[in-house]
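Contents: one structure, followed by commentary.
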Amino acid sequence: MSLTSLPPLGAGARTPRRPAEGDGNPATLPTPAESAAYITSLGKLTAAEVLDRCRAQGRVAIQPRCGVGGHEEMKALLATLEAEAAPDILTLTIDSHTRLLRFEEALRTLNLRPADLNGYPLVAHGWRRGREINELLAAPLEIRHGSPDARILFDVSVASGITSFEGGGISYNLPYSKAVPLADSLGAWQDVDRRCGELADHGVVIDRELFGTLTAVLVPPSISLAISVLEAVLAARAGVRCISVAYPQGGHLAQDVAALRSIPVLAERYLPAGVTVHAVLHEFMGVFPRERAHAEDLILYGALVARLGGASKLITKTHQEAYGIPDTAANVEGLRLADRANSPLLDFIKVDQNQVAEEMEWILAEVADLVEPLLERADLPEAIGQAFAQGRLDIPFSASRYARSDLIPRRDAAGAIRYLSTGALPFSATHLRRNEELLNAVDGPEPGFDTLMQGLTGDINHFRHVFQEEEPAAKPRPLIRPHSHPRTQRTEERT
Amino acid sequence: MSLTSLPPLGAGARTPRRPAEGDGNPATLPTPAESAAYITSLGKLTAAEVLDRCRAQGRVAIQPRCGVGGHEEMKALLATLEAEAAPDILTLTIDSHTRLLRFEEALRTLNLRPADLNGYPLVAHGWRRGREINELLAAPLEIRHGSPDARILFDVSVASGITSFEGGGISYNLPYSKAVPLADSLGAWQDVDRRCGELADHGVVIDRELFGTLTAVLVPPSISLAISVLEAVLAARAGVRCISVAYPQGGHLAQDVAALRSIPVLAERYLPAGVTVHAVLHEFMGVFPRERAHAEDLILYGALVARLGGASKLITKTHQEAYGIPDTAANVEGLRLADRANSPLLDFIKVDQNQVAEEMEWILAEVADLVEPLLERADLPEAIGQAFAQGRLDIPFSASRYARSDLIPRRDAAGAIRYLSTGALPFSATHLRRNEELLNAVDGPEPGFDTLMQGLTGDINHFRHVFQEEEPAAKPRPLIRPHSHPRTQRTEERT
Amino acid sequence: MRTTPHQESAPRTVILGVAASDSHAVANHLIAYSLRGLGFDVVNLGTCTPVEEFAEACAQYPDAEAVVIGSLNGHVHEDLRGLDRAKQSGRITCPVVVGGNLSVGSHKDASSLDRLYATGVDHILSDPAELPALLDELRAARDRSAVTSGMAAS
Amino acid sequence: MRTTPHQESAPRTVILGVAASDSHAVANHLIAYSLRGLGFDVVNLGTCTPVEEFAEACAQYPDAEAVVIGSLNGHVHEDLRGLDRAKQSGRITCPVVVGGNLSVGSHKDASSLDRLYATGVDHILSDPAELPALLDELRAARDRSAVTSGMAAS
Ligand code: B12
Ligand code: B12
């Protein structure tokens, strides 16, 4: 059974065009050596150093998402967040035009209505403004975006003196674009990673966070971690020295803690010794509850998961998550609330070790099933592209036609994320059986289309249900029934 | 050894004078029957009903402290708290002139500079304004004060339709006044309790919260609970039907949870069956940390203690506690933060059951030692007065000359509150030995005066130390040494 | 149970997609599933679909009853720039329905919707559950206008 | 180590108490302990002490070097009403030292201190640890003025 809904092939990937304005133009950019010297001269801790220090102190570093279009607005936003919530690391969230190399659209919106941008168009603003922001703040900054091809953005970021950069050739492709072949995005990110290696030679270690959150909604832990392992191996080979593996809170305590605690094990298993690896939790990335109190409960819960999972860093959400990009006050409040989980008074909070150990065993075995056949291959990027084409790697709800989304996730009775359908994922029979057993308990052995859709929607809205938030208005009966016996090709999808 | 510092006898208790203005005048007050009818006609839940409902739902009711002088300011404060944090019960905190029957001073300050009042002078404002406030709000209200003789305030409160009233003949005397004999305060509170019985006959149950917090600083749990048991017995005998036993968070998880869980056991043991008893936690009532993040950690911790201890209600603090009466925003934030502990996502948080069971056993045995000899006596108020005079009951840091404060509390190595000196408390030898053993681990067997003073100060500032907040400037060396060999009577106090 | 028997052999086609800069896929997947579940022929262009691509699909599927566009990332106005031109030039003739999260920020007001109508959007829905009913209405309106213009055999 | 040998037989007396409407006892207990620890003779009137009661204590202990008043509940201004009159009428002659939390609310400004000085308070301290040094200074000043007025035998 497949729920796949791939867009027709055709519209090709956008080829990177240099932006018309701003200082993104390579001619005007400082060289890597100059940028490294600038970063050193700044005299602030790099993101990698902050992560090391927090880990040593047993503190989960906290970091907001934040980005607005205007430069002055961005400065005010960051300065306020730092003054009122003192996050350990700050963020420039990039608008989604810039992410997709739509530099002209970014610039036009910036000029016409900067508040219409869903992030800071760093390339349009240029690296001099990037430095101005950087110098305003005590905390180091990370660029958070979603660019299949981030080379220009990376260069501008480094020129701005920014020491942490999120993304990867898989994780910033499949959730973030429709038609960029994996070979292209993996290639572009290999370039970024190599530049990190170069900077490391100049004495500046860039923290490279991998976006294990992927499509964020019902992402099974082993999928997230497997993809991060592959990206981490590629990054390490290209010369990256500090890797943050981000995992999205799924909502089930033991499963999430197990996933976080798997990260050092996986690093030990699959990465060379010289690379520092940090576990990062992204506070729940799916559908957020709408009521403030409920959203705040979820924010605190996520922060506790990060603590219990031994994460080095937590990316926070706000009580406005369900509504739109948060205002500054909500962002401050989200950071402060999350920071409570760092309280020295909460040492007594424990998680069921047996349950965590069991989940960890499955996660590690599933990751092994997914990545080990690929890591053996000489050309890893090629192997990855083929695996996605054949469904041996897959993600749910892909934005891109380059993943099949034959994988259908569901929550089991306890709320943990399992595989209802694994498509062509190369899982052992034991794993398949375990998933089946856990999910049979929920819907019975052969759920029909309606049951499946309802169940899936329910799982997506999990936390709204936990908090008994009112459902969106019930589906009204259609006035005119469309064609009542769907064509054969569609019928397949209904069984 | 004694650290007692009793004020010289002399200044007598103030006799209740009727206030000059306002509607406190009995002539203008509605009768209890009229007030009961008014309360019924209001159509809102009483505090007792809210507590029952919360207990049934497994939710800890949350309630702020709040009181400002001006009437419009008070209305705005309460309306904002309700709109933004929706506490289950609201509060009128009364100013301390009114508490001490200084009605003229309250009225003068109200007229000259209402913002100079540390609470709402309800008697000066009068019951009509009380009703106006009551009708503005969905939540029921409690009067929180500290009046050794609260009869006038009670009458005005009931006339205002307010269904919860804090205090007791011991707990609102010893921490709140210097020179009111216990016989007087116990008598005045018997009157209040009898009026509650009368109102119950008219169909309105007033929730009577006992102020087990006492002097708030290092109060040993068995002292707090023993005094509440005595007040509860008196209240029940006088006709009170709903009793909230408040316990102040001391800071040690297992001890605090044990104390809260002891409350239903004590109720079962010492109170008649027809009385409903709720456990209430007062979030840490001692010296609060000064930094906002630390204060917030403590607020959340307190709220978790209430949840784990099975409290029906939590009285919250704010991040401004160390500085002064909080502004509205801080109060809202404190309520919201505390409410996070009601999260359905935190069911996994557990407390060490064995440790709690052990603490509970000691607490219950100590309470039995303290109260059982008194409960046998025919005249309980008289027995209580004598016990305090002879040190068989005692509280630390008494504000009143009618308690000896021979009791010296200290924290053990784990932070639990123990007895360094029990004075004349009738504890069994086993209990005394346990306390001694636990404290020997801290200071050794015979701490000198300086060690004791330092230790005690450290214990009082416990949470500032936990959070490694900077100490107040070190004691500067005196320029001129005062008389270097203190007189004999003082020497006693130094050993 | 078909009220439009002359349509028997032609399934009802809908063109679906997410706006140009927007990669939010989940609602798009679910809307496609559920419309197909109701028997619609859904041409799902998926995420990151510029106006131009919607126009091309309209040319390819001239019977399409509506173009249904989701936008969640707040960029709907810039992303639909050119929609009015595509309609004026007759490249998009069927009604355009838009839904999702239609402005940047957590405090919404109606002005962003007015701007969308001004751009050439015909209908704005907040809940995908309202889609089938709207599509039925649009279909009925189209049938009526076809009758009026004498194009339908009854 | 005594710098004022003529004082040998007379211990230094201090009158201590908490303002009239204020029952906060802990700091009061601790200040009394520690001044006594330093050898002072502390007449501790305890909590809830009106100005009148301080004046009576001054009459009873004419050698007292200072009246030290704590106030935490924010009511210090109303509670010390009458202090200026007690000083003017000579019922309180030694310096009055005040400390604690000297206004209602969490946002403090200096105006509340100005009001206190206007009421007849001579010294305001924030930390009780500063008390011994201040008492020493006050003592030295008193000794100096006693010398000046020819009352001291050196
Ligand atoms: C999952 C998610 C993601 C995933 C998406 C994965 C993927 N490829 O699909 C990831 C992590 C990649 C992601 C990325 C981004 N996201 Co996002 N994301 C969400 C989140 C948490 C849930 C969205 C979701 O899948 N919901 C489940 C589906 C079923 O429901 P839905 O999408 O909310 O849609 C409902 C309605 O809008 C409506 N609807 C949707 N489409 C349509 C279409 C029609 C025709 C109709 C009638 C109705 C309709 O029906 C749905 C059911 O009720 C929301 C916040 C939330 N809701 O909790 C933010 C959110 C939508 N994202 C947001 C943003 C801004 C982004 C980014 C631009 C990053 C940024 N700057 O913060 C990038 C997008 C990059 C890009 N190029 O577009 C913002 C939008 C802000 C705004 N409008 O002000 C939100 C609201 C978060 C926030 N509070 O800031 N995101
Ligand atoms: C314990 C406590 C109580 C106990 C007191 C028990 C008792 N009888 O002693 C109880 C619960 C009974 C209580 C009651 C009330 N309290 Co109270 N209480 C506190 C608390 C939590 C700690 C005080 C304490 O004992 N500290 C330990 C001692 C050692 O330190 P301290 O008193 O803070 O004093 C320090 C300095 O001020 C200074 N100092 C103190 N006195 C003096 C004197 C001199 C001469 C000098 C130089 C220095 C000095 O030295 C001390 C050490 O640094 C404080 C808040 C806090 N600090 O965390 C509130 C606090 C002092 N209380 C406050 C109030 C208002 C009250 C009430 C009026 C109730 C109300 N409206 O909220 C009633 C008082 C009723 C009355 N008639 O006075 C407010 C004062 C508000 C303001 N000024 O704006 C505070 C700040 C709480 C708050 N944030 O609202 N309280």
Side-chain angles (χ1 to χ4, degrees), chain B residues 3 5-8 10-11 69 95-97 99-100 102 105 108-109 113 115-118 146 175-179 215-217 318 320 323-327 330 397-401 405 449-450 453 456-457 460 472-487 490 493-494, chain D residues 1-4 7-8 10-12 16-18 20-26 28-30 32-50 52-53 56-57 73-75 77-79 81 101 103-108 126-127 129-130 132-133 135-137 139-140:
Chain B
L3 285 176
S5 145
L6 290 182
D95 72 291
S96 51
H97 295 305
R99 294 169 183 221
L100 293 165
R102 296 162 56 90
E105 288 83 350
R108 182 171 43 238
T109 312
R113 282 176 169 262
D116 268 12
L117 286 166
N118 60 18
Y176 281 110
S177 62
K178 170 162 75 174
T215 36
V217 172
T318 79
Q320 292 173 348
Y323 297 97
I325 292 188
D327 56 33
F397 306 112
S398 180
S400 165
R401 64 188 52 155
S405 286
F449 177 84
D450 283 351
M453 279 299 290
L456 204 53
T457 311
I460 290 172
K475 205 170 214 166
R477 208 184 212 285
L479 303 179
I480 306 176
R481 301 264 328 163
H483 202 281
S484 64
H485 43 92
R487 293 177 305 168
R490 300 296 166 212
E493 294 184 18
R494 298 182 95 186
Chain D
M1 240 226 70
R2 294 186 306 276
T3 52
T4 50
Q7 287 292 321
E8 182 143 33
R12 298 173 57 184
L16 180 68
V18 180
S21 77
D22 198 332
S23 71
H24 286 93
V26 183
N28 173 267
H29 280 243
L30 295 180
Y33 300 157
S34 83
L35 288 180
R36 285 176 186 151
L38 291 171
F40 284 96
D41 191 4
V42 179
V43 178
N44 190 2
L45 305 175
T47 64
C48 300
T49 303
E52 184 51 33
E53 206 177 325
E56 284 164 15
N73 70 4
H75 279 187
H77 302 101
E78 170 64 30
D79 283 354
R81 226 172 43 95
N101 190 330
S103 65
V104 165
S106 296
H107 308 282
K108 306 296 186 189
S126 58
D127 186 349
E130 302 162 345
L135 291 173
D136 284 352
E137 272 174 42
R139 174 54 185 255

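Numbers restart at 1 for each chain; the letters A, B, ... are given by sequence-line order, proteins then strands.
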Looking only at B:Thr109, B:Asp116, B:Thr457, B:Val217, most heavy-atom pairs under 4.5 Å shared with chain D are made by B:Asp116
Cut-off 4.5 Å, heavy atoms of chain D, and the answer for B:Ala115 is backbone
A side-chain contact here means heavy atoms from C-beta on lying under 4.5 Å apart; do D:Asp79 and B:Glu105 qualify?
no
Under 4.5 Å to a heavy atom of chain B? For D:Ser126 that would be neither
> Do D:Ser23 side-chain atoms and B:Ala399 backbone N/O form a donor-acceptor pair below 3.5 Å?
Replying inline: no
When the 4.5 angstrom heavy-atom criterion is applied to B:Arg113 and chain D, the contacting part is side chain
Most contact-rich option vs chain D, by heavy-atom pairs under 4.5 angstrom, among B:Asp327, B:Thr318, B:Leu117, B:Ile460, is B:Leu117
Discussion item. Less than 4.5 Å apart, side chain to side chain, heavy atoms only: is that true for D:His75 and B:Arg102?
Written reply: no
Okay, D:Asn73 and chain B: the region with an atom under 4.5 Å from a heavy atom over there is both
Turns out that what part of D:His24 lies under 4.5 Å from chain B's heavy atoms comes down to neither
Cut-off 4.5 Å, heavy atoms of chain B, and the answer for D:Ala20 is both
Return yes if some donor-acceptor pair links the side-chain N/O of B:Lys178 with the main-chain N/O of D:Leu45 below 3.5 Å, else return no. yes
